[in-house]
Amino acid sequence: MPGTARLERLLELVPPPLSDDPDGETGPSGDRDYGPDPVVDVVARFPAGAVFSRKAIEGALYGDLHKAVLCPTYYVVTPSGCTTFLTSTDAPAEGRELIAAWSVDRGNEYDPEAIARAHQHLAAQLAGLPFRFDCTPLDMAGISSTFDRVKAIRDLEPDSVSVTAYHGGGQKFDGRQVWNLLHAIGFRWGDMDCFQWADPTDQTDYLVWVEADDGRLGYVLPEMVATGEQNFHEVRFSFTPPRTPSPLHVLEQMLRAVAMFQQHTGCSLVAKIDGKVVESPDHLMQSIMTLCEKLAAMGLKPGWSTILRTR
């Protein structure tokens with residue numbers, strides 16, 4: 001909208017600290033490892049009796065067999081000890097161990113028994129190759145424990161925390177004031193016709209979303225705001241703690257933005273956890289602290305790639 005870029009900044013939102021996500025750690029050779037995630041993948045390792053040609057293994061694994069064994073992702077351990085994808089633009093020429101990983105994430109609905117059968121089928125095929133693969137059977141209890149871990153991560157609460165700004169008596173927020181104020185406190189209008197605080201650290205896409213509801217469209221059109229045709233019943237600030245790096249820090253920054261918004265509009269506020277009203281924003285902080293404690297007990301943190309794969 002004309003003039004947005006020239007607005008005076010009222011608030012500087014502080015980015016979250018960089019995460020210590022173990023995804024992408026380096027291997028023994030010093031190169032980055034690209035291996036399976038032991039938290040959400042059922043992993044089968046097939047060490048070979050001798051160094052094997054990657055191309056020879058690729059030719060044996062794909063085609064009808066790949067579908068028959070439920071399409072695992074294949075990795076290879078190189079002679080230098082680096083783990084990487086079996087098939088990629090810079091895949092190694094040789095390997096000394098093959099890894100198959102079946103993902104128990106949002107995109108796959110396999111059950112433990114199906115993965116056990118797929119592993120048996122794959123192991124039988126590998127045993128027929130001239131590379132002397134060790135085809136030790138997978139432990140059924142180990143497979144089931146992966147499913148249990150993923151379910152535990154998916155069941156964690158809260159999924160969403162929010163603070164909604166509103167005026168009593170049916171009074172609306174002026175659309176142009178909302179547009180200018182949100183941009184002045186660090187949000188930008190964009191995806192899905194909402195406002196976002198984009199993550200300057202690139203650990204995720206957006207840290208906080210702001211949705212302005214006009215009671216009709218449910219989203220913001222700058223051309224209607226500019227002409228005064230669009231005003232808003234409520235303005236909702238929210239984010240998803242499990243998927244957000246340093247969610248306590250992000251909550252603090254969101255509450256700073258909410259306080260600035262309230263200061264300039266004189267609005268009332270209501271806090272919610274997963275859509276349910278709570279007494280105050282303090283409850284949001286307590287719920288996130290509990291989430292972090294439960295993830296820590298699993299050896300995880302909010303915003304890690306493992307969480308993003310499961311929720």
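Sequential numbering from 1 along the given sequence is applied to the chain's residues.
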Give a yes or no on whether [X] and [Y] share a hydrophobic cluster (residues Ile, Leu, Val, Met, Phe, Trp, Tyr; joining criterion: side-chain heavy atoms under 4.5 Å apart).
| X | Y | value |
| --- | --- | --- |
| W197 | L248 | yes |
| V258 | Y166 | no |
| W102 | F133 | yes |
| M260 | V270 | no |
| Y34 | V43 | yes |

Reported [atom1]-to-[atom2] distance for the pair [X] and [Y], which is rounded to 0.5 angstrom:
| X | Y | atom1 | atom2 | value |
| --- | --- | --- | --- | --- |
| F261 | L11 | CZ | CG | 13.5 Å |
| E223 | T227 | CD | OG1 | 8.0 Å |
| M140 | I115 | CE | CD1 | 8.5 Å |
| T290 | L295 | OG1 | CG | 11.0 Å |
| Y74 | Y62 | OH | OH | 6.5 Å |
| I288 | L251 | CD1 | CG | 4.5 Å |

Using side-chain hydrogen bond (donor to acceptor under 3.5 Å, both in side chains), reason through D90 and S88 one step at a time and then give a plain yes or no.
CA-CA 5 Å; D90 57 351; S88 65; 3.3 Å; yes
If every non-hydrogen atom of [X] is compared with every non-hydrogen atom of [Y], which pair is closest and at what distance?
| X | Y | result |
| --- | --- | --- |
| Y206 | A198 | CD2-CA, 3.7 Å |
| L126 | C135 | CB-SG, 4.1 Å |
| T204 | P245 | CG2-CD, 4.0 Å |
| E211 | S238 | OE2-OG, 4.0 Å |
| A152 | M298 | CB-CE, 3.8 Å |
| S160 | R236 | OG-NH2, 3.6 Å |

Verdict with reasoning, M285 to E252, per side-chain contact (heavy atoms from CB on, under 4.5 Å):
CA-CA 9 Å; M285 183 168 294; E252 291 172 357; 4.2 Å; yes
Answer yes or no: is there a donor N or O on one side and an acceptor on the other, between the side chain of [X] and the main chain of [Y], under 3.5 Å?
| X | Y | result |
| --- | --- | --- |
| D33 | G35 | no |
| D21 | S305 | yes |
| E97 | V77 | no |
| S145 | G142 | yes |
| R96 | V76 | no |
| Q203 | P17 | yes |

Is R45 salt-bridged to D134, cutoff N-O under 4.0 Å?
no
Closer than 4.0 angstrom, basic N to acidic O: yes or no for D159 and R311?
yes
Describe, in one word, how the ring planes of H119 and F46 are oriented to each other, choosing from parallel (under 30°), tilted (30 to 60°) and perpendicular (over 60°).
parallel
Looking at the rings of F195 and W179, which for Trp means the six-membered one, are their centres under 6.0 Å apart?
yes
Residues that Q196 engages under side chain to side chain donor-acceptor pair (under 3.5 Å), provided they are two or more places apart
none
Minimum side-chain heavy-atom gap [X]-[Y] below 4.5 Å:
| X | Y | result |
| --- | --- | --- |
| L217 | M224 | yes |
| R188 | L182 | no |
| W304 | D20 | yes |
| H264 | I185 | no |
| P302 | T244 | no |
| V51 | F131 | no |
| T240 | W209 | no |
| N231 | D214 | no |

So for atom NZ, which belongs to K172, do other residues, nucleotides or ligands contribute more than 12 heavy atoms lying within a distance under 6.0 Å?
yes
Residues, nucleotides or ligands: over 12 heavy atoms within 6.0 Å of E279 CD:
no
Please determine, by modelled atom types, if [X] and [Y] share a side-chain donor-acceptor pair under 3.5 angstrom.
| X | Y | answer |
| --- | --- | --- |
| T146 | R149 | yes |
| S103 | R309 | yes |
| R117 | Q120 | no |

For residues 57-78, pull every pair meeting salt bridge (Lys or Arg N to Asp or Glu O under 4.0 Å), keeping only residues two or more places apart or in separate chains.
R54-E58
Mind checking what makes ring pair (Phe, Tyr, Trp, His ring centres under 6.0 Å) contact with H167, not counting sequence neighbours?
F173
Run the side-chain contact (heavy atoms from CB on, under 4.5 Å) check on L61 and L86 step by step: do they pass?
CA-CA 10 Å; L61 291 177; L86 178 68; 3.7 Å; yes
What do the steps show when you test F237 against T164 for side-chain contact (heavy atoms from CB on, under 4.5 Å), and what is the final call?
CA-CA 6 Å; F237 298 74; T164 300; over 6 Å; no
Verdict with supporting geometry, I153 and L300, side-chain contact (heavy atoms from CB on, under 4.5 Å)
CA-CA 10 Å; I153 294 170; L300 301 170; 3.6 Å; yes
